[in-house]
Visitor: 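Sharing a structure, written as structure tokens. Questions coming.
Ligands are counted one by one from 1 in listed order, and the atoms in each one are counted from 1 as well. Residues: numbered from 1 along the sequence shown.
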Amino acid sequence: MPDGASVLWLDGKLVPIEQATLPILSHALHYGFGVFEGIRAYRQVGGGGAVFRLDTHLRRLVESAKILKLELPFSYEEMFEGCKNVLRANALEEAYLRPIAWLGEGRMGVGAFDNKVHVAVAAWVWGAYLGDEALTKGIRAKISSFLRPHPNVAMVRGKVTGQYVNSVLAKREAYDLGYDEAILLDHSGFVAEGSGENIFIVRGDRILTPSLAAPILRGVTRDSVIDLAREMGFEVAEHSFHRDTLYVADEAFFTGTAAEITPIREVDDRTIGTGAPGPVTKRLQAAFREAVTGRNRSRAAWLAPIGRVASAESVVARPTPARAAARRRA
Ligand code: PMP
């Protein structure tokens, strides 16, 4: 069980995690037909916790569901409250949030249309995704033998559960070969992204990242970093580049909710820049931290305060405000 995850939000109710079990004949378990998000909440400099860009993440969840034609049984507002409630219920101010929606039990064929759709939100404590030293020393990456899927093979703009087999294969391959992370190319041979991160390179004062015309996930951290970098006066370009451009970059880094801004110090056994996190990467890491922790007040709109954190026991099995409101309406 991940640290701190004692209660989750399942179909509108807060339930103890050990009671939240899945029928083996759930459609999504067999065919991967589900969508999910990865979101972080941060302890704020002024006290309390806040979820970083909760609205943008939930909008992406709704869009992922639309791409699959998966009808979500809860509204954006209910899921928004559900995310905050699960943090409160677990007494977590700083945590990782995992909303997920999936096609459940019923018919077993690939084309089952009428099975019930379930939604859950879990939260747990998750430190540095790529290891404790990743953020300060950087990581070693390898160009994967697995490609990011062609957009007519997989719905690359959606965060779809089944599509992550590709990421898991790439990650495991890199790991087995002694690297920390995989970098996937697209079907045209351009650098696409990591197994769970977007990628950026720096050359001089110029920052470059693959454009959204590439088959990449539209990363919320990617978007935040582009915004912060431009505000700091950097030129940020979004266009394709090949692996050799990556090899000769001054700096390179991954962005992702879990990975935050992780410097890349080596790609395919070639040292990037000096082999240590570069000055641009470090400045962006600092700016990102100021934004997520509420120190940069001009980015307050990116933060959804969690509200009062209760002890886990006092909220278990109590209806969420959204459910209670629905009951009142009924
Ligand atoms: N690409 C992939 C394949 C991912 O899984 C993620 C993590 N969600 C990202 C990029 C980064 O996206 P975000 O910054 O929204 O977490």
Side-chain angles (χ1 to χ4, degrees), residues 32 34-42 51-65 67 83 95-101 121-123 126 128-130 134-135 139 141 143-144 146-151 153-174 180-187 190-201 209-229 236 238 252-262 264 284-285 287-289 291-292 299 302 304:
V35 296
F36 70 108
E37 269 304 315
I39 313 175
R40 272 192 196 267
Y42 291 89
V51 187
F52 184 63
R53 302 196 70 178
L54 179 56
D55 55 342
T56 315
H57 280 285
L58 287 182
R59 284 188 202 291
R60 189 171 65 186
L61 183 75
V62 169
E63 284 178 9
S64 296
I67 288 169
C83 287
Y96 183 85
L97 273 164
R98 169 56 57 81
I100 182 164
V121 184
W126 209 357
Y129 176 65
L130 290 161
L135 297 173
I139 56 124
I143 302 287
S144 182
F146 296 95
L147 299 181
R148 181 80 181 151
H150 185 285
V153 172
M155 300 292 99
V156 289
R157 205 62 98 222
K159 203 163 160 63
V160 175
T161 57
Q163 283 169 198
Y164 274 77
V165 169
N166 183 244
S167 286
V168 174
L169 287 170
K171 175 88 185 181
R172 287 188 171 191
E173 178 191 59
D180 304 305
E181 186 52 292
I183 297 169
L184 288 80
L185 305 181
D186 68 17
H187 53 276
F190 292 110
V191 172
E193 60 181 347
S195 69
E197 308 89 4
N198 293 111
I199 191 166
F200 286 73
I201 60 173
T209 192
S211 84
L212 293 174
I216 60 171
L217 192 73
R218 187 188 201 115
V220 177
T221 322
R222 173 189 182 279
D223 180 74
S224 310
V225 164
I226 290 173
D227 216 29
L228 290 169
V236 184
E238 295 174 67
F253 58 88
F254 283 128
T255 64
T257 297
E260 300 179 305
I261 299 177
T262 298
I264 303 171
L284 289 170
Q285 281 180 314
F288 184 70
R289 187 127 299 268
V292 299
R299 296 293 177 178
W302 279 352

Visitor: Please name the pair of heavy atoms, one in Leu185 and one in Val191, separated by the smallest distance, quoted to 0.1 Å.
Guide: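 Heavy atoms only, the tightest pair is CD2-CA, 3.7 Å.
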Visitor: Output the distance between atom CZ (Arg218) and atom CZ (Arg59), rounded to the nearest 0.5 Å.
Guide: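 Arg218 CZ to Arg59 CZ: 13.0 Å, rounded to 0.5 Å.
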Visitor: Give a yes or no on whether a salt bridge exists between Arg98 and Glu37, defined as a side-chain N under 4.0 angstrom from a carboxylate O.
Guide: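 Not counted as a salt bridge, because no side-chain N and carboxylate O are separated by less than 4.0 Å.
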Visitor: May I ask you to identify the nearest protein heavy atom to atom 8 (N) of ligand 1, giving residue, atom name and distance to one decimal place in Å?
Guide: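 Ranked first by proximity to atom 8 (N) of ligand 1 is Lys159 NZ, 2.9 Å.
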Visitor: Could you tell me the residue and atom name of the protein heavy atom closest to atom 12 (O) of ligand 1, and the distance to it rounded to 0.1 Å?
Guide: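 For this ligand atom, the closest protein heavy atom is Gly219 CA, 3.4 Å.
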Visitor: Which of parallel (below 30°), tilted (30 to 60°) and perpendicular (above 60°) describes Phe200 and Phe253?
Guide: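 Judged by the thresholds at 30° and 60°, the geometry between Phe200 and Phe253 is parallel.
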Visitor: Starting from atom 16 (O) of ligand 1, locate the nearest protein heavy atom and write down its residue, its atom name and how far away it is, to 0.1 Å.
Guide: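 Checking every protein heavy atom, the shortest distance to atom 16 (O) of ligand 1 gives Thr257 OG1, 2.7 Å.
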Visitor: So is Glu37 in contact with ligand 1, going by heavy-atom distances below 4.0 Å?
Guide: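 Under 4.0 Å: no for Glu37.
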Visitor: Where the closest heavy atom to atom 14 (O) of ligand 1 is concerned, which of Ile199, Val225, Thr221, Thr56 has it?
Guide: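 Nearest option to atom 14 (O) of ligand 1, by heavy atoms: Thr221.
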Visitor: Suppose we measure from atom 11 (C) of ligand 1 to each protein heavy atom; which comes out shortest, and what is that distance?
Guide: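 Here the nearest protein heavy atom works out to Asn198 OD1, 3.6 Å.
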Visitor: Strictly under 6.0 Å, is that where the ring centroids of Phe36 and Tyr164 end up?
Guide: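 Yes, the ring centres sit under 6.0 Å apart.
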Visitor: Among Leu184, Ile216, Ile264, find the residue that satisfies the side chain to side chain contact (heavy atoms under 4.5 Å, CB included) test when tested with Ile199.
Guide: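 So the option named by the test is Ile264.
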Visitor: Show which atoms of ligand 1 fall inside a sub-4.0 Å distance from at least one heavy-atom site of Gly256.
Guide: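 Answer, ordered by atom number: 11 (C), 14 (O), 16 (O).
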Visitor: Would you say Arg60 and ligand 1 have an N/O pair spaced under 3.5 Å apart?
Guide: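 It does: an N or O of Arg60 is found under 3.5 Å from an N or O of ligand 1.
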Visitor: Pairing donors with acceptors under 3.5 angstrom, does anything connect the side chains of Glu260 and Thr221?
Guide: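 Per modelled atom types, Glu260 and Thr221 side chains form no pair under 3.5 Å.
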Visitor: For residues Phe254 and Gly194, report the shortest heavy-atom separation together with the two atoms involved.
Guide: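 Heavy atoms of Phe254 and Gly194 come nearest at CE2-CA, 3.7 Å.
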Visitor: Arg222 and salt bridge (Lys or Arg N to Asp or Glu O under 4.0 Å): which partner among Glu238, Glu197, Glu193?
Guide: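 Looking at Glu238, Glu197, Glu193, the match for Arg222 under the salt bridge (Lys or Arg N to Asp or Glu O under 4.0 Å) is Glu238.
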Visitor: Report yes if Ala258 has an N/O atom closer than 3.5 Å to an N/O atom of ligand 1; otherwise report no.
Guide: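 Between Ala258 and ligand 1, no N or O pair is found under 3.5 Å apart.
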Visitor: Would you call Ser195 a ligand 1 contact, heavy-atom distance under 4.0 Å?
Guide: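 For ligand 1, residue contact (heavy atoms, under 4.0 Å) with Ser195 is present.
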Visitor: For atom 5 (O) of ligand 1, find the nearest protein heavy atom and state the residue, atom name and distance (0.1 Å precision).
Guide: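 The protein heavy atom lying closest is Tyr164 OH, 2.5 Å.
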Visitor: Going by the order shown, which atoms of ligand 1 are within less than 4.0 Å of some heavy atom of Glu193?
Guide: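 Going through ligand 1 atom by atom, the ones under 4.0 Å from Glu193 are 1 (N), 2 (C), 3 (C), 10 (C).
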Visitor: Report, in ascending order of atom number, the atoms of ligand 1 lying under 4.0 Å from any heavy atom of Val220.
Guide: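 What qualifies from ligand 1 is 13 (P), 14 (O), 15 (O).
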Visitor: What's the shortest distance from atom 7 (C) of ligand 1 to any protein heavy atom, and which residue and atom give it?
Guide: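 Residue, atom and distance for the closest contact: Gly196 O, 3.3 Å.
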